[in-house]
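Reviewing the structure listed below.
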Amino acid sequence: MSVRAHPRRFNRQMNPTAQSQSVDLHYDEALMRRVVRAYWRRMVGPWLLMAIAFLGVPFGIACLRGDRSWLVGAFGTGLAVVVLLAASIYRAHLRHAMNRVKRLNGGAVTLHISDDGVRFVSATSQAQLAWREIVELWQYRDFWVLLVDRNQPLTLPLRNLDEWARRALEMHLRAAGARLRDRR
């Protein structure tokens, strides 16, 4: 169902006088740490657990038996590489998120929601996305994550996002075919 095909329904459900809205969003380091942790758990967590089980169980059993063969060394090395790789992925995402917050000069971004898509405007840059470019929305208790690509998340802090904006985002994303996932 297209939002453009039902403008009266859109107006009645959201806001009787406007089809677009601007919202000021505020980012801080504590929020971004929670976002990176949630994103990392979602993207790396299941694979990390499987790799640790696949490598850790035989490694642990072999060590308990007293085995000191090359196979034990290979399992131990593989286990160490997996853990270090997961930690480095987390650290890289965290560093990137912290640098983004620092570049925002105060953490303020204006979100413009319209029938065509969303636009983020800060003092240093701007980005515009059509609704069809957003493939997924992860809904957490105090923030939402818009996924443009598997490795390109955009964070929306909910403390400034009113009910109208939340419902408008959900409705536009559903109409565009994006997946909405409640992670609360």
Side-chain angles (χ1 to χ4, degrees), residues 1-28 30-50 86 89-90 92-94 96-101 103-104 107-122 124-184:
M1 175 172 70
S2 172
V3 174
R4 291 177 189 264
H6 303 287
R8 287 192 185 125
R9 181 174 176 199
F10 173 78
N11 284 335
R12 196 169 46 247
Q13 286 180 345
M14 299 300 175
N15 187 334
T17 60
Q19 288 196 15
S20 66
Q21 180 180 7
S22 296
V23 180
D24 290 328
L25 304 176
H26 299 282
Y27 296 85
D28 58 40
L31 171 72
M32 295 314 291
R33 286 183 196 283
R34 289 192 306 272
V35 170
V36 168
R37 193 175 315 117
Y39 178 77
W40 182 84
R41 266 193 309 239
R42 173 76 174 108
M43 300 308 288
V44 176
W47 296 106
L48 179 63
L49 291 176
M50 286 189 300
I89 290 171
Y90 177 80
H93 280 287
L94 184 62
H96 179 72
M98 292 303 141
N99 286 337
R100 286 264 196 201
V101 169
R103 281 188 285 176
L104 285 176
V109 173
T110 302
L111 170 68
H112 300 278
I113 303 169
S114 70
D115 288 344
D116 298 326
V118 292
R119 186 167 48 111
F120 297 87
V121 179
S122 73
T124 58
S125 65
Q126 68 177 350
Q128 186 164 343
L129 295 168
W131 293 114
R132 69 183 182 291
E133 295 178 79
I134 301 169
V135 295
E136 200 165 338
L137 169 66
W138 297 345
Q139 298 171 310
Y140 291 92
R141 185 172 31 90
D142 55 346
F143 60 89
W144 286 358
V145 178
L146 297 172
L147 290 177
V148 179
D149 185 3
R150 183 176 171 89
N151 294 317
Q152 193 174 4
L154 298 168
T155 304
L156 299 174
L158 295 182
R159 64 179 162 239
N160 299 96
L161 211 57
D162 62 10
E163 188 63 30
W164 185 96
R166 292 178 195 192
R167 288 182 29 197
L169 284 165
E170 288 176 338
M171 188 181 73
H172 283 296
L173 290 170
R174 274 193 189 99
R179 289 183 295 189
L180 278 63
R181 297 181 184 226
D182 192 348
R183 305 256 176 228
R184 293 171 231 185

Kindly say whether His26 contributes a backbone atom to a donor-acceptor pair with the side chain of Arg159 at under 3.5 angstrom? yes
In Å, rounded to the nearest 0.5 Å, how long is the span from CG of Leu154 to CG of Leu111? 10.0 Å
Hey, could you give me the CZ/CZ distance between Arg141 and Arg34, rounded to the nearest 0.5 Å? 7.5 Å
With sequence neighbours left out, what residues match Asn160 under side-chain hydrogen bond (donor to acceptor under 3.5 Å, both in side chains)? none
Rounded to the nearest 0.5 Å, how far does OH of Tyr90 lie from CE of Met43? 16.0 Å
Please find the pair of heavy atoms, one from Thr124 and one from Arg103, that lie closest to each other, and give the distance. CG2-O, 3.6 Å
What is the minimum heavy-atom distance between Asp182 and Gln139, and which atoms define it? OD1-O, 3.5 Å
Under 3.5 Å, is there a donor-acceptor pair between the side chain of Arg119 and the main chain of Ser114? no
For atom CZ of Arg181, decide whether the heavy atoms of other residues, nucleotides or ligands shown that lie under 6.0 angstrom number more than 12. yes
Nearest heavy-atom approach of Arg33 to Leu94 is NH1-CD2, 3.6 Å
Non-hydrogen atoms of Val109 and Tyr27 that approach each other most closely: CG2-CE1, 3.7 Å
For residues Val118 and Trp131, determine if any side-chain heavy atom of one lies less than 4.5 Å from a side-chain heavy atom of the other. yes
With respect to Leu25, which candidate in Leu156, Leu104, Thr155 satisfies the side-chain contact (heavy atoms from CB on, under 4.5 Å) definition? Leu156
Side-chain heavy atoms of Leu147 within contact of Tyr39, under 4.5 Å: yes
Gap separating the CG atom of Leu158 from the OH atom of Tyr140, nearest 0.5 angstrom: 12.0 Å
Can you see which heavy atom on Gln21 is nearest to which on Ala165, and at what distance? OE1-N, 3.9 Å
OG1 of Thr110 to CG of Asp24: how many Å apart, nearest 0.5 Å? 4.0 Å
To the nearest 0.5 Å, what is the distance between CG (Asp116) and CZ (Arg132)? 10.0 Å
Ile113 and His172: which non-hydrogen atoms are nearest, and at how many Å? CG2-CD2, 4.4 Å
Could you tell me whether a side-chain N or O of Trp40 sits under 3.5 Å from a main-chain N or O of Gly45, the two making a donor and an acceptor? no
Which residues share a side-chain hydrogen bond (donor to acceptor under 3.5 Å, both in side chains) with Arg42, sequence neighbours left out: none
